Structure formats: C-alpha cells, structure tokens
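In what follows, a single structure is set out as structure tokens and then discussed.
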Amino acid sequence: MSDKLKVGILGATGMVGQRFITLLADHPWFEIKTLAASARSAGKTYEEAVGDKWKMDTPMPECVKKMVVKNVADVKDVAADVDFVFSAVNMSKDEIRAIEEEYAKTETPVVSNNSAHRWTPDVPMVIPEINSDHFAVIADQRKRLGTTRGFIAVKPNCSIQSYTPALAAWMKFEPTQVVVSTYQAISGAGKTFKDWPEMVGNIIPFISGEEEKSEQEPLKVFGHVENGQIVKLESDLKITSQCIRVPILNGHTATVFLNFKKDPTKEELIEALREYSGKPQELKLPHAPEHFIQYLEEDDRPQVQKDVNFEGGMGVSIGRLRKDSIFDWKFVGLSHNTLRGAAGGAVECAELLKALGYIQAK
C-alpha cells in the first residue's frame, strides 16, 4: 500500500488541471486519487471528459485515463478519499471562495491556483522561495473556519513571478519606484493557438484585472503576519504596470525599470540574484529548482525559446541589467507561466506545506 498522500484535483479538465496531472502522475510524495470537474464532465472517464481538448505537449498519463470524474460540487464525496486538493476550478470569484472554504471545512487542505482568495486576510499567498513564513497565518485561518487540519493556501498571479523574485533578491537595497510591462503568453488565458487563432501575429494591450494584480500582489508577498492576518508591505515600494497579451504559447516576459534607496553596483545586484534561495532549496523539495534565479550575460537573453524551461520551468531568468537614463536600473525577466507561475508553483507550495507539517494524511 502506498504511503503517498492522496490528492484530488478540482477543475481537472481545464488547462491548469491538466498541468497538475502531468506534474503529479509520477510524484514521489503525492498520488492522484480523485479528479473533479463540472457537472457536464461528471460520470465520464477522464479521457472521455477531456476528449480532443488535451492541451499538454506530453501524452495524457495512463493512470488517469480511466478515472471517473466526480462533480466538483459534491464536496463531501470528493473530499472523502483524499488528504488534500489542488483547486483550478473555473467559476466566478464568489463561487470559488465559497467552494474552497467548503472543502477546507471538510478538514481537507486546499492549495489553490485561483485568485479568489488572494486577498482574504488570513489566507497565505506564497511564492515558496520568498515568503514561506506567511504559512504561520494558517493557525488563525483554522480558528475562523472552525477546522483542525483544513485550510486554504494560494499562489500569486503568474505574471508577477517574472520580476518579483528579482525584487526579493534586492530587498536589502530597498527598491522604491518600479515600472513593469509584462508580455504574457496565451496559455495564461488557458488557450493554445488552435483555440485562439486570432492571436497568431497579434498583440492585445489589455488583460482584464492583470495590472492591479501585478501592482498589488507583490506587496502582499513582501508583507508580514500580524494579528492573524497578512499585512501588506509598508514601505516606499510602489509598482505600476502594463500587461500585454502576445503570440507566445508559454512564458511571461517582463521589462522592468526601478529605483533604489541605496546605490548597489551591477556586480552586487547580479551576485544577489545568483545567491538567492529559500526554504524549498534548503529542504530539497521535489519541484524546487536547484537555482531559483539565473542571470544571463548575453545581450539577447532571456529568450522564451532558449530559457523558459530553465530548471524544468521552475526557475526564473533575468538579463539585460543595465543603468537607465531616468531610473537607476532596468532589466528583463522571464518565467514559465503554467509551471512556476501556476500549477508548478502550487505543487511546490504543497510540497513545502507537507514538509512543514501543515498537510498530513487524514
């Protein structure tokens, strides 16, 4: 009998759900036990429910093909046979908030890819290498929910992962004004070029809700736990952004201009990037990149085609760091939006939650 933790995937038929499946099919700690989706998929095998809409570049794992999909709304039934769940459901924010809390109240931890609970004060929103200490708020969340083991934890927006790690590495230099433009892949919208042919050769200068997320979510990541909730960073750091959809399948690129209170040299900034690591590296988690951030010296890097899969898509690539004529410095960042930015980041969060004792077998 396997001693792996039993996992459920909510929203298993969508693109992020499919990515969860590819990451978990051979996971050393977790075993896929239950797949859940909308009522229209319930009762079908996973293979039947997905049909010709499998969007990954690797084949559907054999271990899930014949699993019968459950209705995500049948919370007690879905939760009965699992130790925790990943959430990638496609619902309204109010519906997501309600159903994730319902799962948590069955004493089933929820590790969510969704944005609905990112601003719930006692829900940790974690990039594992940066703010794992925020998991401490789970004790207060459990008091509110009336649970002993159930809780909700979320990961941040995919686009901020291409530049927030650099800011984290440079916090000792006290960054202040940050101007960022993100160039975001179509898989961030759950699409492929087959689904969205009008994106071929096209750019759309608007992604609903993304600019607010890009400007505000890093401030929660850099915040602290106080009186049972996460308090946003209180400093001179201000971020303004533009978010643009570009004809790339995977990989979010960011161009960033920034000022510092202190006056670091280029050598100090690069050294800080290359040396930066966190709890996942210390604990050698299964999906932790050995090197969280790489700095690339070439003038034409990072590039999506060459660098998006750095460290299996879980690392962040930074390049083109140089002095600016208006700001202190400017650089370019790149991260894989469905691995580091979405399902992979959530899996790494779950690994860290297990390692720290927050997720255990029921």
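Hydrogens, waters and symmetry mates play no part in the numbers below; they use all other heavy atoms, side chains included. Bear in mind the structure is a predicted one, so any value in this text is a computation, not a measurement.
Aromatic rings of Trp170 and Phe331 (six-membered ring for Trp) have centroids within the 6.0 Å cut-off, being under it.
Judged by distance alone, with hydrogens and angles left aside, the side-chain atoms of Thr106 form a donor-acceptor pair with the main-chain N or O of Tyr103 at under 3.5 Å. In this structure, the side chain of Gln229 does not engage the main chain of Asp122 through any donor-acceptor pair within 3.5 Å. Side-chain atoms of Asn131 never come within 3.5 Å of backbone atoms of Phe222 as a donor-acceptor pair (strictly under, hydrogens ignored). Of the possible polar contacts, one joining the Arg245 side chain to the Ala185 backbone as a donor-acceptor pair under 3.5 Å is found. Between the Asn259 side chain and the Asp328 main chain, a donor and an acceptor come within less than 3.5 Å of each other. One N or O on the side chain of Gln18 and one on the backbone of Lys55 form a donor-acceptor pair closer than 3.5 Å.
Met67 and Phe84 fall within the same hydrophobic cluster, where Ile, Leu, Val, Met, Phe, Trp and Tyr residues are linked whenever their side-chain heavy atoms come under 4.5 Å apart, directly or through other members.
Side-chain contact check for Ser159 and Asn157: at least one donor-acceptor pair (N or O, by modelled atom type) lies under 3.5 Å. When only modelled atom types and interatomic distance are considered, Lys330 and Thr255 share no side-chain donor-acceptor pair under 3.5 Å. Side chain to side chain, Ser335 and Arg340 fail the donor-acceptor criterion of an N or O pair below 3.5 Å. For the residue pair Gln184/Thr182, the side-chain donor-acceptor check at 3.5 Å is satisfied.
Each of Lys155, Arg97, Arg118, Glu100 was checked for a side chain to side chain donor-acceptor pair (under 3.5 Å) with Ser112, and the lone residue meeting it is Glu100. Looking at Ile186, Ile203, Asn202 one by one, the single match for side-chain contact (heavy atoms from CB on, under 4.5 Å) with Pro247 turns out to be Ile203. The side-chain contact (heavy atoms from CB on, under 4.5 Å) with Met314 is formed by just one residue from the set Glu348, His291, Glu129, Gln161; it is Glu348.
Ring geometry, Tyr46 versus Trp54: the interplanar angle exceeds 60°, so the pair is classed perpendicular (tilted spans 30 to 60°). Using the six-membered ring where Trp is involved, Phe30 and His27 have ring planes that are parallel, under 30° apart on the 30 and 60° scheme.
Taking a cutoff of 4.0 Å between a charged side-chain nitrogen and a carboxylate oxygen, Glu210 and Lys213 qualify as a salt bridge. A salt bridge is absent between Glu107 and Arg149: the closest approach of a Lys/Arg side-chain nitrogen to an acidic carboxylate oxygen does not fall below 4.0 angstrom. A salt bridge is defined here as a Lys NZ or Arg NE, NH1 or NH2 lying under 4.0 Å from an Asp or Glu carboxylate O, and Lys279 with Glu282 meets this definition.
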